[in-house]
Amino acid sequence: MSKIKDQFTVRVLSVVRRIPPGRVATYGDVAALAGRPRAARAVGNIMRGCDRPDVPCHRVIAAGGRLGGYGGRELLKRALLLAEGVSIVGTRVQLQQFRVPGAPNRWGKRRARRA
DNA sequence: AATCTGACTGTTG
DNA sequence: CCAACAGCCAGAT
């Protein structure tokens with residue numbers, strides 16, 4: 001069976017565990033907070049194996065406020081978030097309002113592309 | 001060590 | 001809004 005996880009995994013679990021109720025973080029946010037801003041995919045993989053009750057993996061969603069996955073239980077994920085007070089419009093979470101504090105705004109400063 | 005996989009993300013059509 | 005493509009990352013085989 002597994003031994004100790006890599007530091008990255010430990011950090012990710014730590015970050016997710018610290019997401020307060022009624023808040024959400026995207027995979028990219030968790031990855032960034034864990035020190036690997038481009039490892040959103042890896043975070044998803046870690047979440048896939050998060051069976052720990054102390055890790056609120058349902059508060060980790062996809063970019064743009066989409067629900068992302070939940071081991072085939074996306075409906076439960078949506079229900080849990082709604083129960084915590086997270087507002088969901090259509091299939092999207094209101095990130096602007098419920099995104100975990102401390103998440104870097106990568107959408108605030110994009111300079112004009114094209115010359 | 002090489003290859004495949006996937007609860008991701010952003011760009012392009 | 002959805003589909004296809006490409007880039008990125010860690011874990012499993």
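Protein chains get the first letters and strands the later ones, always in sequence-line order, with residue 1 at the start of each. Just so it is clear, the values below take in all heavy atoms, side chains as well, and ignore hydrogens, waters and symmetry mates.
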Examine A/V16 and A/V10 and state if one hydrophobic cluster contains both, with Ile, Leu, Val, Met, Phe, Trp and Tyr joined whenever side-chain heavy atoms are less than 4.5 Å apart.
-> no

Indicate, with yes or no, if A/L76 and A/L81 share a hydrophobic cluster defined by side-chain heavy-atom contacts under 4.5 Å among Ile, Leu, Val, Met, Phe, Trp and Tyr.
-> no

Under 4.0 Å from any atom of DNA chain C, heavy atoms only: list the residues of residues 16-39 of chain A that qualify, in numerical order.
-> A/R36, A/R38, A/A39

Value in whole Å for how far the P atom of B/dA7 lies from CZ of A/R41 | 10 Å

Establish, with yes or no, whether the OP1 or OP2 oxygen of C/dA10 is under 4.0 angstrom from a side-chain nitrogen or oxygen of A/T9.
-> no

Assess whether one donor atom and one acceptor atom, taken from the side chain of A/N45 and the base of B/dG6, lie less than 3.5 Å apart.
-> yes

In whole angstroms, the gap separating C1' of B/dA7 from CG of A/L13 amounts to 14 Å

Linking I/L/V/M/F/W/Y whenever any side-chain heavy atoms sit under 4.5 Å apart, do A/I88 and A/V60 land together?
-> no

Atom CE of A/M47 and atom C1' of B/dT5: how far apart are they, to the nearest Å?
-> 17 Å

Any side-chain donor-acceptor pair under 3.5 Å between A/T9 and A/D6?
-> no

State whether the side chain of A/R18 and the backbone N or O of A/V15 hold a donor-acceptor pair below 3.5 Å, judged by distance alone.
-> no

Mind checking whether A/I19 and A/I61 sit in one hydrophobic cluster, side chains of I, L, V, M, F, W, Y counted as touching below 4.5 Å?
-> no

Is A/Y27 reachable from A/L67 through a run of I, L, V, M, F, W or Y residues, each pair having side-chain heavy atoms under 4.5 Å apart?
-> no

Under 4.0 Å from any atom of DNA chain C, heavy atoms only: list the residues of residues 61-91 of chain A that qualify, in numerical order.
-> none

Rounded to whole Å, CG of A/D6 lies from P of C/dA10 at a distance of 9 Å

Pairing pattern in dot-bracket form [Watson-Crick, G-U; both distances under 3.5 Å; | = partner strand] for DNA chain C = .||||||.|||||

Does A/D29 reach the main-chain N or O of A/T26 with its side chain, forming a donor-acceptor pair under 3.5 Å?
-> yes

Step-by-step salt bridge (charged side-chain N to carboxylate O under 4.0 Å, His left out) determination, A/E84 to A/R23 = CA-CA 8 Å; A/E84 292 185 353; A/R23 292 278 217 214; over 6 Å; no

Atom CD1 of A/I46 and atom P of C/dA10: how far apart are they, to the nearest Å?
-> 9 Å

So do the side chains of A/Y70 and A/L75 get within less than 4.5 Å of each other, counting heavy atoms only?
-> no

Give the rounded distance in Å between these two atoms: CZ of A/F8 and C1' of C/dA12.
-> 16 Å

Considering heavy-atom distances to DNA chain C, does A/A40 or A/R48 have its closest nucleotide positioned more toward the 5' end?
-> A/A40

Other residues, nucleotides, ligands: >12 heavy atoms within 6.0 Å of A/R17 CZ | yes

